[in-house]
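What's counted below: heavy atoms across the whole structure, side chains too, no hydrogens, waters or symmetry copies. We name chains A, B, ... by the order of the sequence lines, and we start the count at 1 in each one.
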Amino acid sequence: MTRALIEWYARAARDLPWRDPETTPWAVLVSEFMLQQTQVDRVLPRWAAWVERWPTPSALAIDEPGEAVRVWDRLGYPRRALWLHRAAVEIADRHGDRVPADIDELLALTGIGPYTARAVAVFAFGERHPVVDTNTRRVLARAVHGRAAAGMPAAADLDDMAALLPEDRAGAAAVNAAAMELGAVVCTARAPRCGECPIARWCEWRGAGYPDNAPAKRPRQARFAGSDRQARGRIMALLRRSEGAVAVERALEAAADGGVGDPEQPRRAYDSLVADGLLVEREGSARLP
DNA sequence: AATTCGGGGTT
DNA sequence: AACCCAGAATT
């Protein structure tokens, strides 16, 4: 099955720029930050702009965090831009401007968790580790465990993936990438294209006749329209397009504009941005950090 | 273990 | 309108 995965990946993988062997570990790390909960098509242009402007961690580190937030644009979860800037400072300070290849050193960086640490170690440095993202978890759930969908993330996911990896580093990296790619383009959440799947013959879920046995999923995400998150987003959009600072009143109005009328929502959104360090208030005006 | 955090594309 | 997305930090 892993051999089929590797062959399929070599033949059918999308030609994504961060997969180019010439891509630096820093640029790979940037791609992984941006790809957290964000689709490839939306990341492509932002990634290109980012790595051109900041080709090294130190280039970003000496710039203002707010500039990172600005270039991040509408990728969502703007805290990631702040965390990526923070990670750049940490890499410049603690690692001599070189992205570490060690899992624990990567995990110690701001904004890097279990997935991103292993993804960087494997895809940027060719280390041998299991890499498990949401795509991989779905592929494992179906092909190995015969389930329609993955359950909650668990430490066992890493063991499942590790069990599939060949001994050699290059092969292990290829299987990691192939499992992710398969989940992204073939073994999709809604309508899997089993007719195009290279491992359909081994798939336990398919073999069992596609039982409707999906485990309990995470609680439904609250609606975005009218949410505090949307109000935060409106303030962030205003700050991004404002050259310098804006009056606090303007920021609160932006939060309320199009809102659901909750009189406390603008202040709640504003304060949470301050708490996150995405908004700095000084002398009655608000600006990016 | 449960919440919070964006915003856009797909069904 | 609900679902889904190369997750991580916080509580």
Side-chain angles (χ1 to χ4, degrees), chain A residues 9 13-14 16-19 27-47 69 72-84 86-87 106-124 130-140 148-155 157-158 161 173 176-185 187-193 214 216-237 239-240 255 258 268-269 271-273 275-279:
Chain A
Y9 185 74
R14 292 168 294 177
L16 302 176
W18 42 83
R19 288 175 175 166
V28 171
L29 188 155
V30 171
S31 80
E32 296 298 348
F33 262 84
M34 292 184 168
L35 287 162
Q36 291 167 8
Q37 295 285 285
T38 309
Q39 297 86 339
V40 166
D41 289 345
R42 296 176 55 203
V43 166
L44 285 168
R46 292 295 102 216
W47 179 81
V69 174
W72 193 260
D73 198 27
R74 286 188 279 178
L75 274 182
Y77 296 130
R79 292 189 297 194
R80 289 183 295 168
L82 224 45
W83 291 341
L84 180 49
R86 219 168 282 165
L106 286 162
L107 282 171
L109 298 172
T110 302
I112 293 191
Y115 164 75
T116 304
R118 290 174 177 79
V120 170
V122 171
F123 301 137
V131 182
V132 175
D133 76 332
T134 185
N135 292 307
T136 301
R137 296 197 321 105
R138 182 173 52 252
V139 169
L140 289 171
M152 304 293 284
D157 299 337
L158 286 176
M161 192 62 205
N176 276 312
M180 291 172 58
E181 183 77 355
L182 189 70
V185 302
C187 193
T188 54
R190 300 276 188 90
R193 310 163 74 173
K217 25 182 177 272
R218 1 174 41 141
R220 206 176 83 258
Q221 175 173 305
R223 65 185 300 115
F224 181 63
S227 66
D228 284 11
R229 296 163 75 162
Q230 187 177 40
R232 281 169 54 106
R234 290 201 191 89
I235 296 176
M236 291 307 299
L239 295 181
R240 282 197 307 269
R268 209 160 51 232
D271 288 346
S272 73
L273 288 174
D276 284 345
L278 285 163
L279 186 159

In whole Å, I'd like the distance from the CG atom of A/Leu239 to the C1' atom of B/dG6. 15 Å
Name the first nucleotide and the last nucleotide along DNA chain C (5' to 3') that come under 4.0 Å of a heavy atom in chain A. C/dA1 to C/dA9
Value in whole Å for how far the C1' atom of B/dC5 lies from CG of A/Asp228: 11 Å
Measuring only the C1' atom in each nucleotide, how far is B/dC5 from C/dC5? A whole number of Å is fine. 14 Å
First of A/Thr188 and A/Thr116 reached from the 5' end of DNA chain C, by closest nucleotide: A/Thr188
Could you pick out which residue, A/Arg79 or A/Arg74, lies toward the 5' side of DNA chain B when each is mapped onto its nearest nucleotide? A/Arg79
How would you label the contact of A/Gly113 with the nucleic acid (heavy atoms, under 4.0 Å): base, sugar-phosphate, or nothing? sugar-phosphate
Considering every strand and a 4.0 Å limit on heavy-atom distances, what is the contact class for A/Arg138: base, sugar-phosphate, or nothing? sugar-phosphate
For A/Ser272, the side-chain hydrogen bond (donor to acceptor under 3.5 Å, both in side chains) test, sequence neighbours excluded, returns A/Arg232
A/Leu44 CG to B/dG9 C1', straight-line distance once rounded to whole Å: 14 Å
Just jot down the side-chain hydrogen bond (donor to acceptor under 3.5 Å, both in side chains) partners of A/Arg42, sequence neighbours excluded, or say none. none
Find the distance A/Trp72:CH2 to B/dG6:C1' and express it as a whole number of Å. 11 Å
Please give me every residue in residues 27-43 of chain A whose heavy atoms get under 4.0 Å of an atom in DNA chain B, ordered by residue number. A/Gln37, A/Thr38, A/Gln39, A/Arg42
With sequence neighbours left out, write down each residue that passes side-chain contact (heavy atoms from CB on, under 4.5 Å) with A/Leu158, or none if nothing qualifies. A/Arg118, A/Pro130, A/Val132
Take the protein atom CG of A/Asp276 and the nucleotide atom P of B/dT4, then report the distance between them rounded to whole Å. 13 Å
Applying salt bridge (charged side-chain N to carboxylate O under 4.0 Å, His left out), can you list everything that pairs with A/Arg190, at least two apart in sequence or on another chain? none
Base, sugar-phosphate or nothing for A/Leu75? Non-hydrogen atoms, less than 4.0 Å. base
Looking at every strand, decide which applies to A/Leu16 at a 4.0 Å heavy-atom threshold: base, sugar-phosphate, or nothing. base
Need one value for A/Trp18: base, sugar-phosphate or nothing, where a base atom within 4.0 Å counts as base even if backbone is also close, heavy atoms only. base
Pairing residues for A/Asp133 by the side-chain hydrogen bond (donor to acceptor under 3.5 Å, both in side chains) criterion, not counting sequence neighbours: A/Asn135, A/Thr136
Under a plain distance cut-off of 3.5 Å, with no hydrogens placed, do A/Gln36 and A/Tyr115 share a side-chain donor-acceptor pair? no
B/dC5 P sits how many Å from A/Arg234 CZ, rounded? 14 Å
If the P atom of B/dG8 is compared with that of C/dA8, how far apart are they to the nearest Å? 22 Å
Round to a whole Å and report the spacing from CZ of A/Arg223 to C1' of B/dG8. 16 Å
Answer with base, sugar-phosphate or nothing: what part of the nucleic acid does A/Ala119 contact at a heavy-atom distance below 4.0 Å? nothing
Span that lies between the C1' atom of B/dG6 and that of C/dC4, in whole angstrom: 13 Å
Is the backbone of A/Asp157 close enough, under 3.5 Å, to the side chain of A/Arg137 for a donor and an acceptor to pair up by distance? no
For A/Thr110, side-chain contact (heavy atoms from CB on, under 4.5 Å) partners two or more places apart: A/Trp83, A/Arg86, A/Glu90
Just jot down the side-chain contact (heavy atoms from CB on, under 4.5 Å) partners of A/Pro45, sequence neighbours excluded, or say none. none
Rounding to a whole Å, what distance do you find between A/Gln230:CD and B/dT4:P? 17 Å
Just call it for A/Pro153: base, sugar-phosphate, or nothing, with non-hydrogen atoms closer than 4.0 Å on any strand. nothing
Working to the nearest 0.5 Å, report the span between CG of A/Leu35 and CH2 of A/Trp18. 5.0 Å
